[in-house]
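Right, one structure below, let's go through it.
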Amino acid sequence: MLELQLLRRDPDFVKKKLAVKNFQPLSLVDEVLSVDERRRKMQGEMDEVLNKSNIISKEIGGLYRNGQRDEAERKKSEASALSDQAHEMKKELQKVEKELFDLMVHLPNLPHDCVPPGKDEHDNEVVKEVGELPELNGEYVKPHWELAEMFNIISWELGVKITGAGFPVYIGKGARMQRAMIQYFLDEAVKAGYMEYQVPHLINEDSGFGTGSLPDKEGQMYHCRDDNFYLIPTAEVPLTNLYRGDMLKEDELPIKLVGYTPCFRREAGSYGKEVRGLNRVHQFDKVEIVQFTTPELSYKTLDAMVAHVEGLLKNLGLPYRILRLCGGDATFASALTYDFETYSAAQKLWLEVSSVSNFETFQTNRMKLRYKAKEDGKKHLVHTLNGSALALPRILATIIENYQTPEGIVVPEVLRPYTGFDIIN
RNA sequence: GGAGAGGUGCCGGAGUGGUCGAACGGGCUCGCCUGGAAAGCGGGUGUACCCCAAAAGGGUACCGAGGGUUCGAAUCCCUCUCUCUCCGCCA
């Protein structure tokens, strides 16, 4: 959630930034301000009534103590009227507060200065492209879903039997590849100073709200009706919410967390080749890194996280490119997002395998996560960042396609200590 | 799932209708004392919102959450939630 003070201070700036994000209608900003003004006025009036009521109540207490019962009784009706009035005002105020909140919740985060304007993925900016696009020839240009079936390492059919489409079952070396990647990614993160966590895969509403997943992405999450829990769409949600509501000391920052979890996404509305094979599934595994930091350091931190993800891709030997997402393609909560894509040779397709974002104070304003500055002891909202490091299925898809040979699928060197085999055949 | 006990400030822990934003103790912090320290003494020590150009100051709310009773609620009533103990079930 944006900070209301910012809207009050500089509504034009906010509008300008929202325009970059392709947000409509900008008049929402004015609406917020007018509701906010109404709210303040109402609160002032209510406080005044409450103040009077409190004074009289105290007087009544005093009168009783002095034995002036009659005088006290007489004052009661006056006090009663005031408290009724305050009660009504409170109800009205709550309505307006709710109104204000509902409006604020619909404002996305403001994009960072370097975010290019734009509508959708076509306007994203390619920042960097690394590695040779592999030239496959002859018959060895099969897409990963064919190879996976061929070597019996993934079964879509079994997944359908157990659950439904989009729930692949990994078998034998396929399962071990998964486990190897998880372990490798976790080890690399721990080496880089991240604290490993194992967190719940179900979250409550407050957690969903904290990261901005609710109400914005409600339809994307699986919901357990009976208990009102949601299946996590990413470890970002539980990891970030670990610190919800806290007041940190500046010395405690930065905080670096890493966690492996499965991720569940309904992906309503997806279709076609987009969802073939591992390209888009309802359940997948991911290692996620999260950082909490000060506003001064958060963009440096973002760079460091980008570098970390880049390191992983380099080590896996996959051709990749980094995109700076344009305003329209970046998510609701992010101020700046870099997407990583690997090139899947057989599909001749760039697949998104990581997304690294700085949310600045957008999440912490919702979560009320602050820190006390060393300098002046003042409280500020913490900056949050996160990134996939990495999401497994598309990495696996890319490995399967790019490393196919007449003998089988060659396992990238860095994974071999974890898999215990060097070829899938 | 059943029965019971309980959630108070940074921590411990009082408080069962008015003078309670909350005793007392600890912690932390500032000052005095000291060559320095300890002990001791004295002061300070929550958050959010509103009024105010700002500061000073003032107001309101907050004792797990939300409602209710009352002129007045940390205190009484209801609902929810979490923790603990016992029983049942169980990886």
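Order of the sequence lines sets the chain letters (A, B, ...), proteins ahead of strands, with each chain counted from 1. None of these values were measured; they are calculated from a predicted model.
- Atom CD1 in A/Ile56 sits roughly 17 Å away from atom P in B/U70 (whole-Å rounding).
- For the pair A/Asn204 CG and B/C80 P, the computed distance is 18 Å after rounding to whole Å.
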N/O-N/O pairs, protein side and nucleotides 73-75 of chain B side, under 3.5 Å:
none

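- Of the side-chain N and O atoms in A/Asn54, one or more sit less than 4.0 angstrom from OP1 or OP2 of B/U60.
- If you take CG of A/Asn228 and P of B/C80, they are 15 Å apart, rounded to a whole angstrom.
- Look at A/Arg366 and A/Asp206 and you find no salt bridge, because none of the NZ, NE, NH1 or NH2 atoms lies under 4.0 Å from a carboxylate O.
- Between B/A48 and B/A56, the two P atoms lie 15 Å apart (nearest whole Å).
- Annotation: side chain to side chain donor-acceptor pair (under 3.5 Å) contacts of A/Tyr320 (sequence neighbours excluded): A/Glu310.
- Atom CZ of A/Arg394 is separated from atom NZ of A/Lys286 by 11.5 Å, given to the nearest 0.5 angstrom.
- A 3.5 Å limit on both hydrogen-bonding distances identifies B/A48 as the Watson-Crick or G-U partner of B/U60.
- B/A74 and B/C86: their C1' atoms are spaced 30 Å apart (whole Å).
- The shortest non-hydrogen separation linking A/Phe359 to A/Gln363 is CD1-OE1, 3.6 Å.
- Pairing for B/C20 is absent, judged as Watson-Crick or G-U wobble with the two contacts each under 3.5 Å.
- Looking at A/Asp36 and A/Arg39, a side-chain N of the basic residue comes within less than 4.0 Å of a carboxylate O on the acidic one, giving a salt bridge.
- Between A/Gln94 and B/A61, a side-chain N or O to OP1/OP2 separation shorter than 4.0 Å is absent.
- Salt bridge A/Lys75/A/Glu71: absent, no basic N to carboxylate O contact under 4.0 Å.
- Between B/U60 and A/Asn51, a contact under 4.0 Å exists linking OP1 or OP2 to a side-chain N or O.
- Pairing for B/A37 is absent, with no Watson-Crick or G-U wobble pair whose two atom distances lie under 3.5 Å.
- Spacing between atom NE2 of A/His87 and atom P of B/G66 amounts to 13 Å, rounded to whole angstrom units.
- Rounded to a whole Å, the NZ atom of A/Lys249 is 10 Å from the C1' atom of B/C28.
- Here B/U83 sits opposite B/A5 as a Watson-Crick or G-U wobble pair (both hydrogen-bonding atom distances under 3.5 Å).
- A 3.5 Å limit on both hydrogen-bonding distances identifies no Watson-Crick or G-U partner for B/C90.
- Among residue pairs with one or both ends in residues 19-28 of chain A, none qualify as salt bridge (Lys or Arg N to Asp or Glu O under 4.0 Å); sequence neighbours excluded.
- If you take CD of A/Glu252 and P of B/C10, they are 15 Å apart, rounded to a whole angstrom.
- Rounding to whole angstrom units, NZ of residue A/Lys372 and C1' of B/C28 are separated by 11 Å.
- Applying the ring pair (Phe, Tyr, Trp, His ring centres under 6.0 Å) rule to pairs touching residues 222-252 of chain A yields A/His223-A/Tyr230, A/Tyr243-A/Phe292, sequence neighbours excluded.
- Qualifying ring pair (Phe, Tyr, Trp, His ring centres under 6.0 Å) partners for A/Tyr299, counting only residues two or more places apart in sequence or in other chains: A/His112.
- Rounded to a whole angstrom, the distance from the P atom of B/C63 to that of B/A22 is 14 Å.
- Residue pairs that meet the ring pair (Phe, Tyr, Trp, His ring centres under 6.0 Å) test with at least one member in residues 38-86 of chain A, sequence neighbours left out, do not exist here.
- The gap from the C1' atom of B/A61 to that of B/G6 amounts to 26 Å, rounded to the nearest Å.
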Nucleic acid footprint by protein, nucleotides 48-55 of chain B - heavy-atom cut-off 4.0 Å, B for base, S for sugar-phosphate alone: SBSS----
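- Remark: C1' of B/G72 and NZ of A/Lys52 are 18 Å apart, rounded to the nearest angstrom.
- Taking atom C1' in both B/G44 and B/G35, the straight-line distance is 28 Å, to the nearest Å.
- Residues that satisfy the ring pair (Phe, Tyr, Trp, His ring centres under 6.0 Å) test with A/Phe284, not counting sequence neighbours, are absent from this structure.
- Going from the P atom of B/A5 to that of B/G46 covers 36 Å, rounded to whole Å.
- The ring pair (Phe, Tyr, Trp, His ring centres under 6.0 Å) contacts involving residues 84-107 of chain A comprise A/Phe101-A/Phe209, where partners must be two or more places apart or lie in separate chains.
- Each ring pair (Phe, Tyr, Trp, His ring centres under 6.0 Å) pair with one or both residues in residues 150-177 of chain A, not counting sequence neighbours, appears once here: A/Phe167-A/His282.
- The residue among A/Lys91 and A/Lys75 whose nearest nucleotide of RNA chain B lies closer to the 5′ end is A/Lys91.
- For B/A14 and B/C33, the C1' atoms lie 33 Å apart once the distance is rounded to whole Å.
- Applying a 4.0 Å cut-off to non-hydrogen atoms, the residues of residues 77-85 of chain A that approach RNA chain B are A/Ala79, A/Ser80, A/Ser83, listed by residue number.
- Nucleotides B/G13 and B/G18 are separated by 24 Å at their P atoms, to the nearest Å.
- Applying the salt bridge (Lys or Arg N to Asp or Glu O under 4.0 Å) test to every pair with at least one member in residues 87-101 of chain A, sequence neighbours left out, gives these pairs: A/Arg38-A/Glu99, A/Glu88-A/Lys91, A/Glu92-A/Lys95, A/Lys98-A/Asp102.
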